[in-house]
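First the structure, in the form of structure tokens, and then the observations on it.
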Amino acid sequence: MKSGRRRLSDWIFGYGSLVWRPDFPFIERAPAAIEGWTRRFWQGSTDHRGVPGNPGRVVTLVHEPGARCWGMAYRIEAAVRDRVLGDLAHREKDGYDRIVLDLTFAEIGRDAVAGFVYRANERNPNYLGPSPLTAIAAQVAASHGPSGDNIEYVLRLAEALRAMQVDDAHVFALERLVIGTQAP
Ligand code: BEZ
């Protein structure tokens with residue numbers, strides 16, 4: 001993961017595993033969105049949901065004008081920011097950069113804030129990019145890594161988004177396909 005001089009924030013935005021497993025202390029959390037981005041299973045995972053030579057597929061963000069990606073925003077204490085960001089830099093070292101984006105809350109009338117977001121761009125070595133969703137589902141079904149089965153990642157993300165009443169056609173279509181790959 002790259003780091004450098006960046007805007008500071010007390011907010012972290014999760015749109016993947018951080019939606020259901022933040023693994024860091026936070027003061028509050030609130031559903032939020034980032035504008036102009038969409039969530040895609042286009043990043044390879046060789047350290048969590050796959051292994052080198054047999055990568056799993058996890059989410060990254062792709063620019064798409066007019067799109068909106070919903071996730072969960074977490075407010076952390078400034079005193080723990082360096083430690084939390086350090087832990088996340090270690091946890092998400094497999095191709096993700098930390099960027100700062102504007103977060104718009106679901107709560108009407110709440111002001112937008114800047115928040116840290118992890119994004120794997122198309123130049124990182126584990127980037128896989130687009131594929132037919134059936135091929136992505138087959139790859140997910142066949143992938144396992146130190147953090148568990150890749151299929152679990154898809155199912156837990158879909159479940160968490162559904163609980164937030166978020167509609168994400170890409171995630172829910174993939175969920176249906178990976179369920180279909182499982183033996184009855
Ligand atoms: C997320 O849940 O936002 C996330 C965490 C690490 C890498 C990519 C996304």
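Atoms within each ligand, like the ligands themselves, are counted from 1 in listed order.
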Query raised in the report: Considering distance alone, does some N or O of Val19 sit under 3.5 Å from an N or O of ligand 1?
Result: no
Query raised in the report: Any side-chain heavy-atom pair from Glu175 and Arg162 closer than 4.5 angstrom?
Result: yes
Query - Short N-O contact, Asp10 and Arg81, less than 4.0 angstrom - result: yes
Query - Rounded distance (nearest 0.5 Å) linking atom CG of Asp168 with atom CZ of Arg40 - result: 7.0 Å
Report summary line: Counting from 1 in the order shown, the ligand 1 atoms closer than 4.0 Å to a non-hydrogen atom of Phe13 are 3 (O)
Query raised in the report: What's the shortest distance from atom 1 (C) of ligand 1 to any protein heavy atom, and which residue and atom give it?
Result: Gly16 N, 3.2 Å
Report summary line: If we number the atoms of ligand 1 from 1 as shown, the ones under 4.0 Å from a heavy atom of Leu18 are 1 (C), 2 (O), 3 (O), 5 (C)
Report summary line: Contacts satisfying side-chain hydrogen bond (donor to acceptor under 3.5 Å, both in side chains) that involve residues 65-80 (not counting sequence neighbours) are Glu28-Arg75, Glu35-Arg68
Query - Geometric N/O contact Ser17 with ligand 1, under 3.5 angstrom - result: yes
**Report entry** Nearest protein heavy atom with distance in Å, relative to atom 8 (C) of ligand 1
**Finding:** Tyr96 CE2, 3.1 Å
**Report entry** Atoms in ligand 1 flagged as close to Tyr15, the criterion being non-hydrogen separation under 4.0 Å
**Finding:** 1 (C), 2 (O), 3 (O), 8 (C), 9 (C)
Report summary line: Residues at least two apart in sequence or cross-chain that pass ring pair (Phe, Tyr, Trp, His ring centres under 6.0 Å) with Trp42, listed by chain then number, are none
Query raised in the report: Are any of the side-chain heavy atoms of Val84 and Pro25 separated by less than 4.5 Å?
Result: yes
Query raised in the report: Between Gly14 and ligand 1, does any nitrogen or oxygen pair lie at a separation below 3.5 Å?
Result: no
